[in-house]
A.B. asks: 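Got a structure for you, written out below as structure tokens; questions coming shortly.
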2 protein chains.
Amino acid sequence: MSHPAPLAQPLAQKYLDVWNETDAASRRRLVEALFTADAAYVDPMMTGRGHPGIDAMIGAAQQQFAGHRFALHGTPDAHHDVVRFSWRLAAPGQPPVAIGTDVVVVSADGRLAQVTGFLEAAPAA
Amino acid sequence: MSHPAPLAQPLAQKYLDVWNETDAASRRRLVEALFTADAAYVDPMMTGRGHPGIDAMIGAAQQQFAGHRFALHGTPDAHHDVVRFSWRLAAPGQPPVAIGTDVVVVSADGRLAQVTGFLEAAPAA
């Protein structure tokens with residue numbers, strides 16, 4: 001299975017769109033569309049599993065960083081069933097409070113089965 | 001499970017030591033000590049599974065890059081059961097022909113269950 005860069009970029013953007021969706025019902029629908037039912041998420045600060053677990057985790061992060069938005073940082077790369085991309089988290093017009101890199105495993109149905117996140121810069125707050 | 005930086009660094013070095021071990025019998029012993037029996041490896045150019053598969057893959061890479069050595073590049077980071085580190089591949093006294101980043105999943109017994117590799121710079125040759 002191959003995910004060339006032209007596919008990696010929209011997938012990464014779709015992923016960040018979920019993190020930026022603050023309407024609870026819409027976010028849950030996006031989570032179900034993007035992640036497999038038993039998807040596993042882990043980063044230095046949070047873990048989540050399955051649609052309810054990942055949705056609750058994202059909701060908690062949105063409360064912690066209210067008014068902030070995720071945006072792609074640099075260019076995603078991909079090979080086999082793996083996509084890697086970096087992101088930044090910032091309030092509008094402000095420098096980022098965090099920059100991170102996520103490695104995601106794409107399942108056969110195109111949804112994300114595994115997300116492993118790393119922080120390049122810790123939140124300033 | 002947590003792997004703070006002091007443990008990540010020797011683990012990453014032990015991993016690169018396997019890639020630098022060109023004696024076939026020694027390399028196989030190091031592979032068995034470092035990887036779980038059904039460990040999976042994937043990078044943009046190679047895949048391998050299990051001790052025989054990963055050992056053969058490393059042996060093939062050593063033939064392709066004869067005389068080159070892997071060295072740590074920057075500082076490993078880690079959280080939960082995941083370690084991330086970068087490496088460079090170079091002939092002695094020469095600039096690197098490749099720089100990469102590996103994300104590894106550590107099993108409960110301390111051995112590597114999964115390696116996902118990325119290239120930061122493609123080999124010049």
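In what follows, every chain begins at residue 1, and chains take the letters A, B, ... in the order their sequences are listed. Source: prediction; values computed, not measured.
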A.B. asks: To check you understand the geometry: which heavy-atom pair defines the closest contact between A/P44 and B/H80, and what is its length?
C.D. replies: O-CE1, 3.9 Å
A.B. asks: If you round to the nearest 0.5 Å, how far is OG1 of B/T116 from CZ of A/R84?
C.D. replies: 11.0 Å
A.B. asks: Name the region of A/V103, side chain, backbone, both or neither, that has any atom closer than 4.5 Å to a heavy atom of chain B.
C.D. replies: side chain
A.B. asks: What option among B/V105, B/D43, B/T47, B/T101 has the most heavy-atom pairs under 4.5 Å with chain A?
C.D. replies: B/D43
A.B. asks: Could you list all the side-chain hydrogen bond (donor to acceptor under 3.5 Å, both in side chains) pairs where at least one residue sits in residues 57-68 of chain A, not counting sequence neighbours?
C.D. replies: A/R27-A/Q62
A.B. asks: Please list, chain by chain and in numerical order, all residues satisfying side-chain contact (heavy atoms from CB on, under 4.5 Å) with A/A66, sequence neighbours excluded.
C.D. replies: none
